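Note that the structure is a prediction, hence the values are computed from the model and not measured.
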Amino acid sequence: MKPLRQNNTVERPELREDIVLAVSQVLARACDAPVDLDGILNRAGLSREIVLRAFDSGDDLIVAIAEHKATLISQPLVTRARPSTIEDARETLNEFGRVAWKEYSSTLVGFIRMLMTEGASNPALKRRVHAAGQLAVVLELRKFLSTASECGILSVADAQLHAEQLLGMLREPLYQTLMLSPALRQERAVADRVAASIESFINGCSSSRSIIR
C-alpha cells in the first residue's frame, strides 16, 4: 500500500483519492475485512483525524467509495458509449461484465458488509450510497442500451428494466458470497460465466426485436 500524501501542501482531492484507494484495498480482502468503518480505517493505517482532513464525515467517505466503484464499473460503457455493430455492443458489455463481476466478488462484498453495519440505523446513508453506487451504474448501462436500441443494434423496449436485469445477473457473485457460498474465482471461469450471461441477454433483446416486428 502506497503511503498517504499527508503534506500540508497536498490538495484535498488528492488526499481524498488516497484514502478511498487505501480503504478499497482493505475491502478487497472481503474474507478478513472488518465490518465497521473504524476497524477498516485501522486496518488501512488511517485515523478518523486523517479522514476528516479530506471528508466532512465518515458517511461522506463511504459515499465516495461507492462513487469510485460505480465509476470503475461503468468505465467501459462510458469509453465506448456508441456501438456501431452487434459485435461492438457484445464486446463492450462483456468488458463491463468482467469488471462488474470482479468488483462484486471482491471489494463490494466487504463494502456491503460495512454498509450493513454503518447503515443499520442510518437510512440516509443507505439512500446516498444507493444513489451514488448502484443507481449510477444502472444509469450508464441504461444510456448504453438506449443508444444501442436507437441504432437498431438491440431491441430494448424498457432500457431501465433491461439495465436492472442485466446488472442483477452480474451481481451473482455478491449474492453467493453474502450467503456464505464460495464465489467463482478462476479468471477463465469468470470470463465464461460473464460471456454466457451477456449472450443470454443479447439473445433476449434480439428475440424481443423479432417479436415486436
Side-chain angles (χ1 to χ4, degrees), residues 13-14 16-18 20-21 23-24 27-28 60 62-109 111-112 115 127-175 184 187-213:
E14 294 178 334
R16 287 169 62 95
E17 179 185 353
D18 283 348
V20 166
L21 292 178
V23 172
S24 295
L27 293 174
D60 287 346
I62 294 172
V63 172
I65 296 168
E67 291 174 341
H68 171 69
K69 290 302 171 183
T71 298
L72 179 63
I73 293 172
S74 302
Q75 192 59 45
L77 304 173
V78 175
T79 303
R80 307 166 66 178
R82 193 170 186 85
S84 57
T85 66
I86 187 67
E87 286 304 319
D88 285 345
R90 179 180 285 108
E91 186 175 344
T92 299
L93 289 174
N94 269 290
E95 184 180 351
F96 163 75
R98 288 191 294 270
V99 175
W101 193 290
K102 178 182 177 181
E103 293 301 320
Y104 285 130
S105 63
S106 57
T107 306
L108 288 175
V109 175
F111 181 80
I112 293 299
L115 184 61
R127 287 193 296 270
R128 291 178 64 195
V129 166
H130 184 62
Q134 182 171 332
L135 285 185
V137 176
V138 169
L139 175 60
E140 293 300 337
L141 183 54
R142 185 183 73 191
K143 289 179 183 177
F144 180 86
L145 296 177
S146 294
T147 299
S149 184
E150 290 166 3
C151 295
I153 296 171
L154 298 174
S155 177
V156 182
D158 187 333
Q160 179 74 23
L161 178 60
H162 279 71
E164 291 174 350
Q165 288 176 338
L166 179 54
L167 195 59
M169 294 165 69
L170 297 173
R171 286 165 64 92
E172 178 186 343
L174 174 63
Y175 304 140
L184 201 59
E187 186 174 343
R188 183 180 296 276
V190 168
D192 290 344
R193 291 289 290 276
V194 169
S197 296
I198 297 302
E199 201 61 34
S200 174
F201 177 79
I202 288 177
N203 287 339
C205 291
S206 299
S207 298
S208 63
R209 177 171 54 191
S210 61
I211 292 172
I212 290 172
R213 290 180 177 176

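- A distance of 7.5 Å separates CG in Leu154 from CZ in Phe144, rounded to the nearest 0.5 Å.
- At a threshold of 4.0 Å, the pair Glu140-Lys143 counts as salt-bridged, since one of the basic side-chain nitrogens sits closer than that to a carboxylate oxygen.
- Contact of the Thr92 side chain with the Leu77 side chain is registered, since non-hydrogen atoms from C-beta on lie closer than 4.5 Å.
- In summary, Asp60 and Arg128 engage in a salt bridge, as defined by a charged side-chain N under 4.0 Å from a carboxylate O.
- Minimum heavy-atom separation, Ala70 to Gly133: CB-O, 3.6 Å.
- Taking the side chain as every heavy atom from C-beta outward, Leu166 and Leu93 approach each other to under 4.5 Å.
- Residues passing the side-chain hydrogen bond (donor to acceptor under 3.5 Å, both in side chains) test with Gln75 are Thr79, sequence neighbours excluded.
- Side-chain contact between Gln165 and Met169: absent, with no pair of heavy atoms (C-beta onward) separated by less than 4.5 Å.
- Taking every heavy atom of both residues into account, Val63 and Ala132 meet most closely at CG1-CB, 3.9 Å.
- With contacts defined as side-chain heavy-atom distances shorter than 4.5 Å, the pair Phe111/Lys69 does not qualify.
- A distance of 10.5 Å separates OG of Ser24 from CD of Glu17, quoted to the nearest 0.5 Å.
- Val99 and Pro76 get closest at one heavy-atom pair: CG2-CG, 4.3 Å.
- A 4.5 Å side-chain heavy-atom check between Phe201 and Leu145 finds at least one atom pair inside the cut-off.
- The CD atom of Glu95 sits 5.5 Å away from atom CZ of Arg80, with the distance rounded to the nearest 0.5 Å.
- Note that OH of Tyr104 and CD1 of Ile112 are 8.5 Å apart. Values are rounded to the nearest 0.5 Å.
- With rounding to the nearest 0.5 Å, the separation of OG in Ser74 from CG in Leu141 is 8.0 Å.
- Here CD1 of Ile86 is found 11.5 Å from SG of Cys151. Values are rounded to the nearest 0.5 Å.
- No side-chain heavy atom of Arg171 sits under 4.5 Å from any side-chain heavy atom of Leu108.
- The side-chain hydrogen bond (donor to acceptor under 3.5 Å, both in side chains) test applied to Glu199 returns Arg90, not counting sequence neighbours.
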